[in-house]
Each structure stands twice: as structure tokens, then as C-alpha cells.
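All chains are named by letter (A, B, ...) in the order of the sequence lines, taking the proteins before the strands, and each is independently numbered beginning at 1. Quantities reported herein were computed from a predicted structural model and do not represent experimental measurements.
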Number of protein chains: 2
Amino acid sequence: MNLPPLVQAFVLHFGEMGSRWGINRTVGQIYALLYVSPEPLCADQIVEALGISRSNVSMSLRELQGWDLVVLKHLPDDRRDFFTTPDDVWQILRTLAEERKKREIDPTLSVLREILMQQPGNENERFAQQRMAEMHGLIERLTNWYDDVKRLETDRLATLLSLGSKVTKLLETKDKIVSIGRKKPRSGET
Amino acid sequence: MNLPPLVQAFVLHFGEMGSRWGINRTVGQIYALLYVSPEPLCADQIVEALGISRSNVSMSLRELQGWDLVVLKHLPDDRRDFFTTPDDVWQILRTLAEERKKREIDPTLSVLREILMQQPGNENERFAQQRMAEMHGLIERLTNWYDDVKRLETDRLATLLSLGSKVTKLLETKDKIVSIGRKKPRSGET
DNA sequence: TAGGAGTTTCAGAAATTTTTGAAACTTCAG
DNA sequence: CTGAAGTTTCAAAAATTTCTGAAACTCCTA
């Protein structure tokens with residue numbers, strides 16, 4: 001591996017974390033390298049920089065493309081593929097969230113739905129189904145929230161993030177204002 | 001494996017998903033089994049139910065305890081350990097989020113901070129650092145949001161989830177009201 | 001359409017992770 | 001103190017994942 005020390009530290013870290021993130025070391029390293037490279041890189045430059053086999057680079061790039069984490073560029077009069085990551089980190093975040101949901105959540109949601117359709121055969125199965133229903137309910141709430149929020153433009157999303165828990169206070173304020181507008185409703189109403 | 005079919009489907013699914021979630025198959029299966037069991041189970045019951053070795057169960061339970069995903073129970077006059085999962089799915093969600101943050105985010109955040117302290121040696125390093133700063137900024141925003149929101153009581157959190165993107169609209173409404181209030185300070189409220 | 005530069009595929013090698021059984025350890029009743 | 005019941009540890013076997021080099025393929029140029 002032949003990289004500026006600062007970049008190397010970053011690349012190695014992404015390699016190590018790879019396994020915890022459900023991608024493999026090489027994929028992590030390649031992603032990190034592309035992320036911090038000022039120019040798009042072609043496969044051979046990656047081979048050179050990371051000191052891994054050509055075929056490994058090829059497969060890993062394919063994997064990254066599958067995740068939509070990598071963008072293909074072409075230079076004029078050069079038929080090699082060059083790769084970068086998208087510039088906008090918010091866009092990267094969205095992609096990552098979408099892909100992880102697809103791989104890590106959706107299959108479970110659909111298995112749960114399937115199992116919940118079945119008739120329980122005995123008391124234990126009935127209990128198990130009850131638990132699965134709770135899990136299903138929670139996951140559905142979370143994914144509904146996500147599906148809603150992901151449509152926001154970036155600056156709105158940023159606003160929502162900075163607000164954080166203050167949102168609930170805001171909500172109370174609004175309720176108060178609205179209720180004043182409605183002319184003194186009796187307290188203790190829903 | 002000797003389980004009611006409905007439970008077995010659930011357990012097998014968690015086993016398969018395990019690798020995508022960064023835990024291993026056995027750990028996933030044991031967790032799933034405990035999650036849907038009406039009573040706490042001891043190690044041997046798990047061996048029996050899943051058909052895996054005693055030692056594997058022992059190590060996997062230890063792992064689950066490390067994640068705080070499992071609760072230890074004792075029956076009177078029985079020195080075996082019995083295990084369950086917490087009842088409240090929201091609590092499970094919190095634990096999961098906390099642990100994943102600790103393992104998947106925090107190390108990266110601290111590596112980024114460290115690298116960002118260093119002096120770039122050349123133009124490429126400067127660029128790389130710039131990119132890392134963007135990543136760092138985004139992750140910090142997200143974790144600040146998380147740290148804030150995780151303190152909410154469950155029903156508030158649920159409210160916040162149902163609101164979703166409507167929050168930003170709410171915010172506009174409030175701004176409008178406030179600005180009207182400022183332009184016509186007649187009604188003199190804060 | 002032959003040659004060659006570049007890319008992808010794939011079977012097996014290498015590395016890593018998971019699982020096991022046997023041995024060591026712990027705890028407590030007798 | 002002894003032994004039995006239960007639990008944990010650990011080295012090695014089994015399974016899985018990752019990586020490689022060689023061969024196959026693609027596409028362009030001449």
C-alpha cells in the first residue's frame with residue numbers, strides 16, 4: 001500500500017470497520033480511497049494504491065456499484081472506467097440508508113408479515129405471534145417515519161435534525177396556540 | 001431443531017439475517033428463540049430447541065449479554081441461569097441503537113477527529129482532509145440528533161415518529177405565527 | 001477479421017469465522 | 001473435604017468468506 005499517511009489511516013480504518021458494517025475489507029478500503037481522491041480513479045490505480053489483486057478490485061467495484069455508492073466516469077478517448085463517490089455527503093447518507101433498509105429490514109418485515117398470517121397451533125404459538133406482532137408494529141412505525149422523512153430536501157432534513165427532541169415541545173406550543181385560537185376549550189380534552 | 005413451525009420460521013430467519021446484522025447465526029437464532037418464548041429458558045433448553053452444542057450456546061449467550069439484549073432470571077432453589085429478552089420492544093430498540101452506535105459509529109468518529117488534527121503534507125492530503133471533515137460534520141449532526149432524541153420518553157418518541165416530515169411544516173406555521181406576533185405586537189404573547 | 005488492450009469470471013487457495021468436544025473450573029450439598 | 005451438577009474455556013475441526021491467478025470474454029483499431 002502506497003499512500004499519503006493521512007489517507008492511509010483513513011483507508012485502513014474503513015477496511016477494519018468493513019466487517020462491522022457488513023461489507024468486506026477490500027470494499028471498505030476501495031470506498032474510502034475513492035471518497036478522498038480528488039480525481040476519479042480507474043481499477044489499476046486502485047490496484048496500485050492498495051496493493052491488492054486486479055480481480056479483487058473488479059469484484060469489489062461491482063459490489064460498490066450494486067450499493068450505488070460509486071459513480072462511473074469516462075474520460076474522452078479513454079475507454080477505461082473511472083470511479084468516484086458522489087460529492088454530496090447527504091446523498092451518500094440517503095443511499096446508504098436506502099440500501100441498508102432494503103437488505104437488513106425489508107426481508108424481516110416480509111417474513112414477519114407472512115408468519116403473522118398463519119393460524120397459531122397452540123398457546124405457545126399464539127404467544128410467539130403476539131411478540132412478533134409487537135416487533136412488526138415497531139419496525140413499521142420506524143420505516144414509515146423513514147419513508148416520510150427521506151423525501152425532505154436536504155436543508156429541511158438538516159433543520160429537522162437540529163431540532164431533535166425540541167419538536168415535541170414545539171408541538172405543545174402549537175397545541176396551545178391553536179387551542180387559544182379555538183377560544184378556551186375545557187382542559188382535559190383530546 | 002424441534003420447534004413449532006411458526007416459531008421455527010422466525011428463528012431460522014433471524015439466523016440467516018444474523019450475518020447481515022453483524023451477529024452470527026447462532027446468536028441470531030438464540031435471540032429469536034428467547035424473544036418469542038413465554039418463559040425464560042436455560043442453556044440446556046436452548047441446546048434442546050436449536051440442536052446446537054452446549055458450548056456454542058454458552059458463548060452466544062455471553063455475546064448477547066455483552067449487547068445487553070438478554071436478561072438474566074433466577075428461579076428459587078435452582079442455580080441455573082435463565083434468560084429472556086426485555087419485554088418492551090422500545091427498550092430493545094434503544095439498546096440496539098446504543099450498541100450499534102458504540103460499535104459502528106464511535107470508532108470512526110474518533111479516527112476522523114484524530115486525522116483531522118494532523119497537518120496535511122500536500123494538496124492531495126488537504127483535499128482528503130476536507131472530505132473527511134464533511135463526513136465528520138454529518139456524522140456529528142446525526143449523533144447529536146440521536147443523543148437528543150434518545151432521552152425522550154417512549155410516548156413522545158412515538159409522537160415524534162408519527163409526525164415525521166410534518167415537523168418542518170409545523171415549524172413554518174410557528175414561524176409565521178411568531179412573525180405575525182412580532183409585526184402586530186398587539187396581542188403581546190411569547 | 002486479426003491482434004491487442006482492457007475487463008470480467010470463476011475455481012481453487014488462503015484467511016477468517018463459527019462450531020464443537022473435551023477438559024478445566026465453580027459451586028454447593030452431603 | 002468429596003463428588004456431582006452445572007458452566008466456561010479453549011484448541012482444533014468445520015464452514016464460510018475473501019482473495020487470487022489464469023482463462024475467457026469484449027470491444028476497438030488497423
Side-chain angles (χ1 to χ4, degrees), chain A residues 1 11-12 14-34 40-67 69-84 103-104, chain B residues 1 11-34 40-67 70-84 103-104:
Chain A
M1 188 175 297
V11 165
L12 289 179
F14 263 61
E16 279 165 31
M17 293 302 284
S19 48
R20 299 197 192 176
W21 297 334
I23 60 177
N24 73 40
R25 182 176 18 188
T26 308
V27 173
Q29 289 186 353
I30 293 180
Y31 182 78
L33 178 64
L34 293 177
L41 302 179
C42 72
D44 282 324
Q45 292 173 301
I46 298 171
V47 167
E48 164 73 12
L50 301 180
I52 54 182
S53 75
R54 182 52 225 270
S55 52
N56 199 2
V57 169
S58 186
M59 291 177 102
S60 302
L61 283 172
R62 167 171 294 275
E63 167 106 15
L64 282 168
Q65 283 176 282
W67 279 75
L69 280 174
V70 122
V71 178
L72 229 145
K73 300 253 164 169
H74 282 109
L75 303 186
D77 299 326
D78 191 333
R79 58 199 179 82
R80 290 175 299 178
D81 292 339
F82 286 77
F83 299 89
T84 1
R103 284 152 215 253
E104 301 181 11
Chain B
M1 189 175 296
V11 164
L12 289 179
H13 176 75
F14 263 60
E16 279 165 32
M17 294 301 285
S19 47
R20 301 198 190 177
W21 297 335
I23 59 177
N24 71 41
R25 179 174 25 185
T26 309
V27 172
Q29 289 186 353
I30 292 179
Y31 182 79
L33 178 64
L34 292 177
L41 301 180
C42 71
D44 282 325
Q45 291 173 301
I46 297 171
V47 167
E48 164 74 11
L50 301 181
I52 55 183
S53 76
R54 184 48 226 271
S55 53
N56 198 1
V57 169
S58 186
M59 292 178 102
S60 302
L61 282 172
R62 167 170 294 276
E63 166 107 16
L64 282 169
Q65 282 177 284
W67 280 76
V70 120
V71 178
L72 227 145
K73 299 255 163 166
H74 283 109
L75 302 187
D77 301 325
D78 191 332
R79 60 199 176 80
R80 289 175 298 179
D81 292 338
F82 286 78
F83 298 89
T84 1
R103 285 152 215 251
E104 301 181 11

Inset, instruction - Could you point out which residue of Leu33(B), Leu12(B), Ile52(B) forms a side chain to side chain contact (heavy atoms under 4.5 Å, CB included) with Met1(B)? - result: Leu12(B)
Legend entry - For atom CZ of Arg80(B) and atom C1' of dA4(D), their distance in whole Å: 15 Å
Inset, instruction - Scan residues 42-52 of chain B for pairs that pass side chain to side chain donor-acceptor pair (under 3.5 Å), counting only residues two or more places apart or in two chains. - result: none
Contacts under 3.5 angstrom, residues 14-24 of chain B side chains, donor-acceptor by atom type, not counting sequence neighbours:
unit_1   : atom_1 : unit_2    : atom_2 : d
Ser19(B) : OG     : Glu16(B)  : O      : 3.4
Arg20(B) : NH1    : Arg103(A) : O      : 3.0
Trp21(B) : NE1    : Glu104(A) : O      : 3.0
Asn24(B) : OD1    : Thr26(B)  : N      : 3.1
Asn24(B) : OD1    : Val27(B)  : N      : 3.0

Inset, instruction - Check the distance between dG6(C)'s P and Asp78(A)'s CG and give it to me in whole angstrom. - result: 8 Å
Inset, instruction - Using the side chain to side chain contact (heavy atoms under 4.5 Å, CB included) rule, pick out the option among Val70(A), Thr84(A), Val71(A), Leu34(A) that qualifies with Pro40(A). - result: Thr84(A)
Inset, instruction - Quick one: pull up NZ in Lys73(A) and CG in Asp78(A) and give me the separation to the nearest 0.5 Å. - result: 14.5 Å
Inset, instruction - With sequence neighbours left out, write down each residue that passes side chain to side chain contact (heavy atoms under 4.5 Å, CB included) with Leu72(B), or none if nothing qualifies. - result: Gln65(B), His74(B), Asp81(B), Phe83(B)
Inset, instruction - Output all residues satisfying salt bridge (Lys or Arg N to Asp or Glu O under 4.0 Å) with Arg62(B), sequence neighbours left out; order by chain, then residue number. - result: none
Inset, instruction - Quick one, give me the B/S/- string for nucleotides 8-21 of chain D, reading 5' to 3', where B means a protein heavy atom under 4.0 Å from the base and S means that only happens at the primed atoms, P, OP1 or OP2. - result: BBB-----S-SSBB
Please produce a list of atom pairs where a protein N or O lies less than 3.5 Å from an N or O of nucleotides 28-30 of chain D.
none

Legend entry - Spacing of Ile30(A) atom CD1 and Leu50(A) atom CG [to the nearest 0.5 Å]: 6.0 Å
Inset, instruction - Grab the CD-C1' distance between Gln45(A) and dG6(C) for me, whole Å please. - result: 14 Å
Inset, instruction - Take atom CG of Leu61(B) and atom C1' of dT19(C), then tell me their distance rounded to the nearest Å. - result: 15 Å
